Amino acid sequence: MARRPGAPAAYGEDFSFVSPLVKYLLFFFNMLFWFWSSEVQRSSHWPKIKVISMVMVAIGVYARLMKHAEAALACLAVDPAILLIVVGILMFLLTFCGCIGSLRENICLLQTFSLCLTIVFLLQLAAGVLGFVFSDKARGKVSEIINNAIVHYRDDLDLQNLIDFGQKEFSCCGGISYKDWSQNMYFNCSEDNPSRERCSVPYSCCLPTPSQAVINTMCGQGMQALEYLEASKVIYTNGCIDKLVNWIHSNLFLLGGVALGLAIPQLVGILLSQILVNQIKDQIKLQLYNQQHRADPWY
């Protein structure tokens with residue numbers, strides 16, 4: 001059939017602006033973050049999937065339910081279980097939009113995915129810039145978080161294990177110094193403190209003893225009552241804040257590499273989602289054009 005002069009060339013019925021490469025590349029990109037692992041079940045050929053985000057949420061909820069209500073509310077701001085729940089839910093929702101949006105070619109889900117990734121990227125960028133520019137205020141905020149964690153050390157087993165791990169890894173004790181542990185009601189040095197751990201510090205503050213087969217959890221007994229030089233023979237006397245700052249300054253290239261490694265996948269996800277959205281819009285325009293001119297005898 002003759003085509004009207006000046007009309008755009010018609011595409012075949014099977015033509016599509018949507019590139020399968022972009023579509024499935026975006027899908028597998030999200031699947032890497034959505035799925036933890038897959039293994040073939042013996043009874044079928046379908047993969048057995050474990051979802052990262054759901055596992056994180058499940059672990060976080062379980063950890064919260066296993067804690068006493070009063071203790072859990074007291075240390076809500078420094079609870080690792082809450083972090084797991086929040087991160088797990090956000091990761092699930094974000095990757096859900098990316099996976100389903102790419103498979104179903106849904107513009108709304110893809111734009112939501114792209115917008116959320118953009119917001120996360122900008123927040124990370126802003127946090128890095130503000131942390132560098134306002135390093136003193138950032139140090140004060142970190143100090144506040146550490147002191148809050150010290151206060152609730154015995155209230156939350158997860159928090160306790162996290163603090164012990166940090167003190168052993170950074171070879172430090174307390175926030176500014178080992179005497180910061182007096183902020184905890186169990187380790188407080190006041191005369192009216194009936195605790196058996198009065199004036200002590202956690203065992204994670206103690207210097208390692210290579211020949212010791214069993215960990216002495218009472219090695220920090222009475223250390224806060226000693227002066228720095230005397231206490232330094234048994235425990236770490238330097239605070240964790242200075243150790244953390246020194247570690248950051250010594251590993252700037254490593255931290256920069258980690259930040260770049262987090263930023264590149266986000267930028268790739270944003271780019272792929274925007275390309276796919278534009279391709280879907282072009283495909284919709286083509287379909288509308290074909291429908292409008294299908295009855296045209298000059299088309």
Side-chain angles (χ1 to χ4, degrees), residues 21-38 49-60 63 77-103 109-142 144-146 149 158-159 162 165-166 169-170 240-241 243-277:
L21 176 62
V22 176
K23 176 179 177 178
Y24 291 106
L25 190 60
L26 181 61
F27 170 75
F28 286 113
F29 170 82
N30 283 277
M31 193 176 67
L32 289 176
F33 294 94
W34 200 7
F35 299 133
W36 174 252
S37 65
S38 66
I49 304 299
K50 297 179 181 178
V51 183
I52 272 183
S53 53
M54 296 306 293
V55 170
M56 292 175 66
V57 173
I59 293 175
V78 289
D79 192 349
I82 292 296
L83 181 62
L84 281 176
I85 294 174
V86 173
V87 173
I89 292 175
L90 292 178
M91 182 183 295
F92 176 80
L93 293 177
L94 183 60
T95 53
F96 174 83
C97 291
C99 282
I100 304 303
S102 59
L103 281 181
L109 289 178
L110 288 173
Q111 287 180 336
T112 301
F113 170 76
S114 178
L115 178 62
C116 290
L117 268 189
T118 303
I119 292 174
V120 171
F121 175 77
L122 292 178
L123 288 176
Q124 291 176 348
L125 183 63
V129 172
L130 291 176
F132 180 79
V133 175
F134 302 101
S135 57
D136 292 337
K137 291 186 177 180
R139 179 189 176 97
K141 187 62 179 178
V142 171
E144 180 183 341
I145 294 174
I146 291 178
D158 293 335
L159 180 62
L162 183 62
F165 173 79
E169 284 296 313
F170 287 100
C240 294
I241 295 177
K243 288 280 188 176
L244 180 60
V245 171
N246 292 335
W247 183 86
I248 291 175
H249 288 163
S250 302
N251 295 273
L252 287 177
F253 288 105
L254 174 62
L255 294 175
V258 172
L260 186 62
L262 292 174
I264 289 178
Q266 293 173 358
L267 293 175
V268 169
I270 295 171
L271 179 62
L272 289 176
S273 60
Q274 288 302 314
I275 291 175
L276 187 56
V277 166

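Atom set for the values below is all heavy atoms of this structure, side chains included, hydrogens, waters and symmetry mates excluded. Only a predicted model underlies this, so the values are computations on that prediction, with no experimental measurement involved.
- Distance check: Leu94 CG to Thr112 OG1 gives 10.0 Å after rounding to the nearest 0.5 Å.
- Remark: Leu271 CG to Leu26 CG distance equals 10.0 Å, nearest 0.5 Å.
- Considering every non-hydrogen atom in both Ser273 and Phe113, the closest pair reads CB-CD2, 3.9 Å.
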What donor-acceptor contacts under 3.5 angstrom involve side-chain atoms of residues 115-126, with partners at least two apart or in another chain?
from	atom 1	to	atom 2	distance (Å)
Thr118	OG1	Ser114	O	2.7
Gln124	OE1	Gln266	NE2	3.2

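- Contacts of Leu262 classified as side chain to side chain contact (heavy atoms under 4.5 Å, CB included), with partners at least two apart in sequence or in another chain: Val258.
- For the atom pair CG (Leu276) and CD (Gln111), the distance works out to 11.0 Å, reported to the nearest 0.5 Å.
- Interatomic distance, CZ of Phe28 versus NZ of Lys23, reported as 11.5 Å (0.5 Å rounding).
- Pairing each heavy atom of Phe27 with each of Cys99, the nearest pair is CD1-O, 3.8 Å.
- A distance of 12.5 Å separates CG of Leu244 from CD of Glu169, quoted to the nearest 0.5 Å.
- Between Leu103 and Tyr24, some side-chain heavy-atom pair lies under the 4.5 Å cut-off.
- For the pair Leu110 and Gly98, the tightest heavy-atom approach, listed with the atom from each and the gap, is CD2-O, 4.4 Å.
- The disulfide bond (SG atoms under 2.5 Å apart) search around Cys240 returns Cys172, not counting sequence neighbours.
- Separating the CG atom in Leu272 from the CD1 atom in Ile270 is a distance of 10.5 Å, to the nearest 0.5 Å.
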